[in-house]
Amino acid sequence: MAPKKPIGKRGIRLMLALLGLILMISGLMFLSAASAKMRRKAGRRQLRLMYGGSGVDENLLAFDPTSSAPAVDKKEHVPGEGAASAVVDEAAGATPSSVDTLGTAHAPEGGCSLHSRGADPWPFYKVMKASRGDVREYPAVGWLGDAKNLLTLDDARFRSDFRFYIHDDGVFNTSQVEDCYLRKMGIKRDLSNVDWKLPVFKRMYLAEPAIWPVLRTHALRTWNPEEASLFVVGFSPFLTEGLTCPGFPSSSAKYEAEVVKKLSSNKWYQRKGGFDHMIFFMRFGMKMGAPVKQMLDSGSLVVTTDRLFWNVVKVLPNIFKSNSVVMAPYVTPYYLDTTPPGEPEMQNKHNDTWYFFAGTYSRRFGGRGKLAVLAEHLSQGFVNFTDLRVPKTITPNNGLLQHSHEIVGQAVAGIRRSSVCMSPQGDAVTSGRLFEAMAGGCVPVMIAPKEGAPVELPFPSLIDWDSVALFTDNFDAISKVKDGINVTGRVMEELVGPKASAEAHARLRCMQRQARRVFVKHLSYMQNPLGLTDSILLEVW
């Protein structure tokens, strides 16, 4: 047998090179795993900072927007009398133990409203007015109530007398439109990833995917049009704008033409000229062809977020004049809407952000830039006002959608930490900040003209707005009065400021709790869409 040749220097070098390659690959794999772990940890830390500090639910901290969303405990919607109220007390944290942890368990004498002290100090004002028996003073759709004469969602007459029918076939098929839109936008059915998929100025109007499923299974729905006092039209200008779905017309114009053809020839629509038909027209400035606009403007009921700017007065002037309008809230961010029971954010208010505002100072109406001047007349060290601009030119690929989401995250964290949240008018009299503040247990200060605010608020027959928010004239009006902003700051300090009286603080905390409960009961698209839907139906009734 020939003797083995000894390994030469070249062989040793090859073996060392191979060993080095193996070590390098192992090192890269280790670094990759460590980097992924660090990114997950950093992502959780970012969400923790965005959505409320250390008090955030663990499901939220484990949330990865690219995978499944955290489950939110919700009671199943059980159709029947009082079904909307069934989820409210638990969802709002209204158990005796949770109320006790928030301070006094009972409202102060005279109730939560800061107006109970007597005359309203200028420039603050009340929005609730006394009703006269069963006369619907305002709006024409809905009952106007004061705190002593509000209706409830379990009203026996409403539950026994009211029925609605849905036009839900063919081009009105709500299920197909929902599925098509959500699939196209990549939005989950429960809307849990909506803040990652839509910029704020579109998410605010995404009402139908929350409301339509409730309407389809609602206890007051009838399949017999003879029994119906209301007809719901399964058509949404917002969802169908530029949308092409299998089995539907191939363009918006053809889609609208088919809607007009089907509806105008329907005998139930013809019976009252559409007066008893309701359509959702949520987003401002939606472009519609003349035929469908003319058909809607002939007398239909319109569910919308704004009657005084684009939605109604500009696009549907006859609807505006006849007051055939049902006001609905804007859609709030997912993590404000679905705050878990027990109101943890109520226990994590911080003095350094007692007063809060996040948004752009530059708007066409209301003199919002004067917020910076108002801040100088509030307790120094207690104000957190930030001029943030949400980009308007957002596409899925230009990175601005992520920037929009980060701005929403900053606002959510600030609202949860704060006691008093500024809600100046936007293009419309109201803005999404009103409802976001309520969802986060922060008392909103709605800064809007007194002739406009009362008629822009949703559900005036169900909500005592003076017990959950403060209302003051806008800065355009305030600035016309000598020392107007100075006086506004001084009065605000006396009513809700960090150095106000113990009685004022008791009322403030009461308003915070009440705002959160009212939000969950009537204004929540994600946690209690049944209560929101019932509130719309009751206003129509």
Side-chain angles (χ1 to χ4, degrees), residues 49-53 123-124 200-201 204 330 332-333 335-336 345 348-391 403-449 453 468-479 484-486 488-493 495-498 500 508 511-512 515-516 519:
L49 292 173
M50 279 186 175
Y51 293 107
F124 292 84
V200 59
F201 53 85
M204 292 170 62
Y330 294 99
T332 61
Y335 285 110
L336 272 177
E345 76 283 0
N348 290 298
K349 301 299 182 182
H350 294 253
N351 286 343
D352 63 345
T353 182
W354 187 281
Y355 296 108
F356 179 77
F357 170 80
T360 177
Y361 281 173
S362 175
R363 301 298 282 186
R364 71 184 80 189
F365 303 121
R368 186 189 290 184
K370 295 292 195 307
L371 276 169
V373 181
L374 176 64
E376 298 174 0
H377 298 282
L378 301 174
S379 294
Q380 297 305 300
F382 292 84
V383 181
N384 181 9
F385 290 177
T386 307
D387 185 10
L388 294 173
R389 188 176 298 274
V390 177
H403 180 52
S404 172
H405 169 254
E406 290 171 355
I407 290 176
V408 171
Q410 293 177 40
V412 168
I415 289 169
R416 283 183 162 176
R417 289 168 57 91
S418 305
S419 295
V420 181
C421 292
M422 302 297 120
S423 179
Q425 70 179 98
D427 289 335
V429 174
T430 54
S431 76
R433 291 178 187 84
L434 171 67
F435 310 105
E436 292 165 6
M438 295 174 67
C442 185
V443 172
V445 178
M446 185 170 166
I447 305 171
V468 297
L470 287 176
F471 299 87
T472 180
D473 219 332
N474 67 12
F475 288 114
D476 286 342
I478 291 172
S479 299
I485 296 181
N486 182 12
T488 302
R490 186 174 70 247
V491 174
M492 195 177 299
E493 284 280 286
L495 291 175
V496 294
L508 175 63
M511 290 179 73
Q512 289 175 327
R516 171 66 188 167
F519 175 84

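Separating the CG atom in Asp473 from the CZ atom in Phe124 is a distance of 11.0 Å, to the nearest 0.5 Å. In this structure, CG in Leu374 is found 8.5 Å from OH in Tyr355, a value given to the nearest 0.5 Å. A distance of 5.5 Å separates OG1 in Thr430 from CZ in Phe435, rounded to the nearest 0.5 Å. For the atom pair CG (Leu378) and CE (Met422), the distance works out to 6.5 Å, reported to the nearest 0.5 Å. The SG atom of Cys421 sits 9.0 Å away from the CD atom of Gln512 when rounded to the nearest 0.5 Å. Here the straight-line distance linking atom CE of Met511 with atom SG of Cys442 works out to 10.5 Å at 0.5 Å rounding.
Annotation: side chain of Glu493 is in contact with side chain of Pro498 (closest heavy-atom distance under 4.5 Å). Side-chain atoms of Val443 and Ser419, non-hydrogen and from C-beta on, never get closer than 4.5 Å to each other. Looking at heavy atoms from C-beta onward, Leu371 lies in side-chain contact with Pro424 at the 4.5 angstrom threshold. In this structure, Ile478 and Lys370 have side chains that are not in contact, with every pair of non-hydrogen atoms separated by 4.5 Å or more. Met446 places a side-chain heavy atom less than 4.5 Å from the side chain of Val429. Side-chain contact between Arg416 and Phe356 is absent, with no heavy-atom pair separated by less than 4.5 Å. Looking only at side-chain heavy atoms (C-beta outward), Val412 and Glu436 stay at 4.5 Å or farther from each other. Within the 4.5 Å cutoff, no side-chain heavy atoms of Val373 are placed close to those of Phe475.
Closest approach of Arg433 to Thr360, counting heavy atoms only: NH2-N, 4.3 Å. Residues Gly367 and Asp476 share a closest heavy-atom pair of N-OD1, 3.4 Å. For Ala375 against Phe385, the heavy-atom pair with the smallest separation is CB-CD1, 3.8 Å. Taking both residues in full, the closest heavy atoms of Ala448 and Gln425 are given as CA-OE1, 4.1 Å, listed atom of the first, atom of the second, then distance. Taking both residues in full, the closest heavy atoms of Ile485 and His377 are given as CG2-CD2, 4.0 Å, listed atom of the first, atom of the second, then distance. Minimum interatomic distance between Pro449 and Asn474 (heavy atoms only, all atoms of both residues): CD-ND2, 3.7 Å.
When each of Val496, Val420, Val491 is paired with Leu470, the side chain to side chain contact (heavy atoms under 4.5 Å, CB included) condition holds for Val496 and for no other.
At distances below 3.5 Å, at least one donor-acceptor pair connects side-chain atoms of Ser418 with backbone N or O atoms of Thr353. Remark: the backbone N or O of Tyr361 is paired with a side-chain donor or acceptor of Asp387 at under 3.5 angstrom.
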Worked check of side-chain contact (heavy atoms from CB on, under 4.5 Å) between Phe519 and Thr332: CA-CA 10 Å; Phe519 175 84; Thr332 61; 3.5 Å; yes

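Qualifying ring-ring contact (aromatic ring centres under 6.0 Å, His included) partners for Tyr330, counting only residues two or more places apart in sequence or in other chains: Tyr205.
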